[in-house]
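Contents: one structure, followed by commentary.
Atom set for the values below is all heavy atoms of this structure, side chains included, hydrogens, waters and symmetry mates excluded.
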Amino acid sequence: MKKLFVLPAVALALSFAACGGSENKSTTTTTETTSSSETVETETVPGIENVEVSNNITVESNDQMKFDKELLRVKAGEAVTLTLKNVGTLPKESMGHNLIVLKPGVDVATFAGEATAAADNDYIPKTSLSSIAAHTKLLGPGEEDKITFTLDKGVYTFICSFPGHYGVMQGKIVAE
């Protein structure tokens with residue numbers, strides 16, 4: 001008779017413990033989500049913790065279709081001065097470079113597709129100006145362009161929009 005009372009009591013205790021456990025998991029998940037949303041920049045951009053914060057930046061582009069820096073870190077809400085230098089030797093018509101900072105959430109492939117049709121405007125599509133936070137002009141060999149802009153807190157993609165370049169010539173700017 002004792003066994004009949006002990007067995008249901010143990011089953012009841014286990015069912016309460018199981019119900020209580022899922023509440024704790026839910027709370028923990030919510031807490032983790034809240035914490036991770038506060039550190040989105042660090043988690044979504046690997047290596048950002050190794051990049052020095054600077055609002056005065058020089059980026060070089062070359063004939064191998066590369067930017068010398070692919071990860072930049074700036075102070076949000078403060079002026080950023082960015083200088084793009086084309087250190088290549090190939091002509092602008094075949095290996096020109098620019099640097100376009102896209103606003104968060106812009107589809108890079110779609111933007112780059114529109115840019116290929118904008119040769120008359122340094123491959124900066126007039127139909128997509130609302131997607132751009134800042135941009136340089138298209139540079140030939142030995143040329144440079146300096147721009148100044150301000151970014152709100154967030155993660156921004158930057159690309160070269162010369163046809164075929166965006167696939168390998170892109171990086172991230174984390175404004176914090």
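The ring pair (Phe, Tyr, Trp, His ring centres under 6.0 Å) contacts involving residues 95-153 comprise His97-His165, Tyr123-Phe162, where partners must be two or more places apart or lie in separate chains.
For the pair Val80/Ile57, a side-chain contact is recorded, criterion being any heavy-atom separation below 4.5 Å from C-beta on. In this structure the side chain of Cys160 reaches within 4.5 angstrom of the side chain of Phe67, judged on heavy atoms. Counting heavy atoms from C-beta on, the side chains of Val53 and Lys75 come closer than 4.5 Å. With contacts defined as side-chain heavy-atom distances shorter than 4.5 Å, the pair Asp63/Thr89 qualifies. At least one side-chain heavy atom of Ile48 sits under 4.5 Å from a side-chain heavy atom of Leu71. The side-chain heavy atoms of Val74 and Val174, taken from C-beta on, include no pair separated by under 4.5 Å. Contact of the Met169 side chain with the Ser61 side chain is registered, since non-hydrogen atoms from C-beta on lie closer than 4.5 Å.
The backbone N or O of Leu99 lies less than 3.5 Å from a partner atom in the side chain of Thr136, making a donor-acceptor pair. Proximity of a side-chain donor or acceptor of Ser94 to a complementary backbone N or O of Pro91 within less than 3.5 Å is detected.
For the atom pair CD of Gln170 and OG of Ser161, the computed distance is 12.0 Å after rounding to the nearest 0.5 Å. A distance of 12.0 Å separates OG1 of Thr157 from CD of Glu70, quoted to the nearest 0.5 Å. Rounded to the nearest 0.5 Å, atoms CG (Asn86) and CD (Glu60) are 9.5 Å apart. For the atom pair CG (Asp120) and CG (Asp122), the distance works out to 9.0 Å, reported to the nearest 0.5 Å. The CG atom of Leu82 lies 7.0 Å from the CG atom of Leu72; values are rounded to the nearest 0.5 Å. If you take CZ on Phe158 and CG on Leu84, they are separated by 9.5 Å, rounding to the nearest 0.5 Å.
The residues Glu176 and Arg73 are annotated as salt-bridged, a charged nitrogen and a carboxylate oxygen being separated by less than 4.0 angstrom.
Considering only residues two or more places apart in sequence or on other chains, Asn121 meets the side-chain contact (heavy atoms from CB on, under 4.5 Å) condition with Ile124, Lys126.
Considering all non-hydrogen atoms of both residues, Tyr156 and Leu102 come closest at CD2-O, 3.4 Å. Ser54 approaches Asn56 most closely through the heavy-atom pair OG-O, 3.0 Å.
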Legend entry - Full working for side-chain contact (heavy atoms from CB on, under 4.5 Å) between Val59 and Thr83: CA-CA 6 Å; Val59 177; Thr83 303; over 6 Å; no

Inset, instruction - Could you go through the side-chain contact (heavy atoms from CB on, under 4.5 Å) check for Met65 and Met95 one step at a time? - result: CA-CA 8 Å; Met65 296 190 331; Met95 194 57 70; 3.7 Å; yes

Can you list, pair by pair, the side-chain donor-acceptor contacts under 3.5 Å of residues 138-145, counting residues two or more places apart and other chains?
unit_1	atom_1	unit_2	atom_2	d
Glu143	OE1	Gly140	N	2.5
Asp145	OD2	Lys137	N	2.8

